[in-house]
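Below you'll find the structure, written out as structure tokens, and then a few comments.
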Number of protein chains: 2
Amino acid sequence: MENSELFQFLKNTNDSFFNSASSSFALPAPASTMQHSFSGSFSLYPLELDSPSHHQDKALAALRNHKEAEKRRRERINSHLDKLRTLLPCNSKTDKASLLAKVVERVKQLKQQISEITESEAFPSESDEVSVLSPSGDESGGDGRMLLKASVCCEDRDDLTRDIIEILRSLRLKTLKAEMATLGGRTRNVLVVAADKEHSADSVQFLRNSLKSLLERSNSHERSKRRRTMNRKFLP
Amino acid sequence: MENSELFQFLKNTNDSFFNSASSSFALPAPASTMQHSFSGSFSLYPLELDSPSHHQDKALAALRNHKEAEKRRRERINSHLDKLRTLLPCNSKTDKASLLAKVVERVKQLKQQISEITESEAFPSESDEVSVLSPSGDESGGDGRMLLKASVCCEDRDDLTRDIIEILRSLRLKTLKAEMATLGGRTRNVLVVAADKEHSADSVQFLRNSLKSLLERSNSHERSKRRRTMNRKFLP
DNA sequence: TCAAACACGTGATCC
DNA sequence: TGGATCACGTGTTTG
């Protein structure tokens with residue numbers, strides 16, 4: 001506080017000045033900083049400890065350390081931001097605030113995607129079900145690809161898989177992962193499919209409706225074929 | 001640049017000064033800023049346009065806008081950082097750099113998990129395979145329960161699932177999750193089973209050997225039943 | 001010209 | 001005390 005004027009004076013001097021071996025000032029100080037100077041022919045501080053120049057040196061060294069530490073801190077933060085820029089689908093020109101906003105959304109998306117995939121009902125239930133949901137909200141990372149998770153649970157029949165494939169093909173959906181479990185003549189198909197840019201939110205409805213019609217076709221079948229190839233001992 | 005001394009002088013004045021209706025300075029300016037003052041009794045700028053005070057007002061207004069905009073920018077960035085703090089497993093005291101480092105790691109981890117799930121070998125391959133491994137090293141959390149992930153890929157046959165169940169039952173392994181996929185007459189079963197304290201590392205070998213014998217039994221079957229109910233269009 | 005975004009140096013604060 | 005972090009106001013650059 002008491003040295004702020006001195007600091008102000010030295011504000012724009014470069015570091016080569018500080019790096020010099022001299023322990024006293026080579027430049028004239030402004031009047032306001034001369035308060036500690038003295039005119040006697042002998043030193044009041046023979047050991048140069050606690051002398052004004054010593055105090056000033058220490059203060060300047062502290063200020064320089066402070067400045068450099070702060071620069072390192074900024075560089076550390078910015079390097080992490082740069083890493084995030086490479087991890088996200090965005091060019092390197094996006095500003096910090098927008099970048100962080102995207103990061104927030106992306107982390108939310110990914111967490112939800114994980115939980116929805118891992119908490120899937122692996123086994124067929126007794127009731128017919130169709131569900132289509134996009135775990136990643138609207139977009140899965142701005143690369144224009146939307147992930148959909150479709151699930152069909154119904155009575156098993158031979159041509160079910162073929163029908164599902166045809167539906168996905170007609171909707172131009174790419175299958176990333178398919179999971180099929182059968183239990184007691186019933187089956188559950190869980191599909192992770194990718195929709196391109198060309199797909200709209202309507203594609204979700206289309207897929208849902210197509211799968212539901214599939215389900216009605218299953219129900220019209222005779223239920224006599226039902227056979228229990230898996231029993232409940234298989235479950236925990 | 002030419003106004004830096006003026007700005008320097010006004011550096012520590014608070015905003016209430018700028019908010020006052022006065023269009024001229026209420027405080028005396030230092031000598032270095034008086035270069036624009038004049039002593040005549042008539043104004044050189046009758047309309048007060050392009051007058052020094054006008055310039056100063058504009059400069060001060062710009063400076064104030066700049067200051068406030070910068071503050072808003074900081075707040076925007078920090079609010080996003082706070083959101084990230086709530087999204088990550090870390091308390092609110094972690095500093096910015098460490099927080100961002102954690103965010104980088106978390107995003108990488110989540111992306112990795114997603115790709116592992118969606119790119120997992122969900123489909124049966126053309127070669128027979130058996131694998132038994134404990135994903136969590138030796139112990140799954142120190143509760144004495146060891147998790148095993150067993151995978152069997154072979155020609156499909158009706159009694160395969162029944163045989164697998166019998167193996168697990170004889171080894172007293174509890175099935176936590178089962179995943180079965182069929183493609184072109186071949187099948188892949190992925191089982192997540194839990195071993196108790198009573199199980200030793202030998203159980204892994206027992207299970208592996210049992211599943212391999214299962215595989216040999218499959219190979220002795222005739223291959224004529226092979227039917228392609230799924231084609232490669234199903235894959236991405 | 002004007003607004004937005006950035007890096008910088010500094011004072012304050014907390015172990 | 002010193003070291004680390006933060007918010008702040010400022011100068012500069014870019015569109």
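Labels below follow one simple rule: chain letters A, B, ... track the order of the sequence lines, proteins then strands, and each chain is numbered from 1. Any value given below was found using the heavy atoms of this structure, including those in side chains, with hydrogens, waters and symmetry copies removed.
- With rounding to whole Å, A:Lys93 atom NZ is found 10 Å from D:dT13 atom C1'.
- When rounded to the nearest whole Å, the span between CG of B:Leu63 and C1' of C:dC2 equals 15 Å.
- Between D:dG9 and B:Lys71, no contact under 4.0 Å exists linking OP1 or OP2 to a side-chain N or O.
- A sub-4.0 Å separation between OP1 or OP2 of C:dA7 and a side-chain N or O of A:Lys96 is present.
- If you take CG of B:Leu99 and C1' of D:dA4, they are 16 Å apart, rounded to a whole angstrom.
- Nucleic acid contact for A:Arg72: none, since no nucleic acid atom lies under 4.0 Å from a heavy atom of the residue.
- B:Lys96 places no side-chain N or O within 3.5 Å of a backbone atom of A:Arg74 that could act as its donor or acceptor partner.
- A:Ile77 has its CD1 atom 13 Å from the P atom of C:dC6, to the nearest Å.
- Nearest nucleotide to the A:Arg74 side chain, out of C:dC6, C:dA7, D:dT10: C:dA7.
- Projected onto DNA chain D by closest heavy-atom contact, B:Ala97 and A:Lys58 fall at different nucleotides, the more 5' of which corresponds to A:Lys58.
- On a pure distance criterion of 3.5 Å, a polar donor-acceptor pair joins the side chain of A:Glu70 and the base of D:dC6.
- Side chain A:Arg73 to base D:dG3: no donor-acceptor pair is found below 3.5 Å.
- No donor-acceptor pair under 3.5 Å is formed between the side chain of B:Arg106 and the backbone N or O of B:Leu88.
- Taking side-chain N and O atoms only, B:Arg76 has a distance below 4.0 Å to OP1 or OP2 of C:dA5.
- Using a 4.0 Å heavy-atom criterion, one finds that A:Asn65 contacts no nucleic acid atom at all.
- Below the 3.5 angstrom threshold, one finds no donor paired with an acceptor across the side chain of A:Arg64 and the base of C:dG9.
- Per the geometry, CG belonging to A:Asp95 stands 13 Å off P belonging to D:dG15, to the nearest Å.
- Residue A:Glu68 contributes atom CD, which lies 15 Å from atom C1' of D:dG2 at whole-angstrom precision.
- At whole-Å resolution of the value, CG in B:Leu81 and P in D:dT5 are 14 Å apart.
- Judged by distance alone with a 3.5 Å cut-off, no donor-acceptor contact links the side chain of B:His66 to the base of D:dG9.
- No donor-acceptor pair under 3.5 Å is formed between the side chain of A:Arg76 and the backbone N or O of B:Ala97.
- Atoms CG (A:Asp82) and C1' (C:dC6) sit 13 Å apart, rounded to a whole Å.
- Under the 3.5 Å distance criterion, the side-chain polar atoms of A:Arg188 are left unmatched by any main-chain donor or acceptor of A:Val152.
- Panel note: side chain B:His199, backbone B:Leu171; a donor-acceptor pair is recorded below 3.5 Å.
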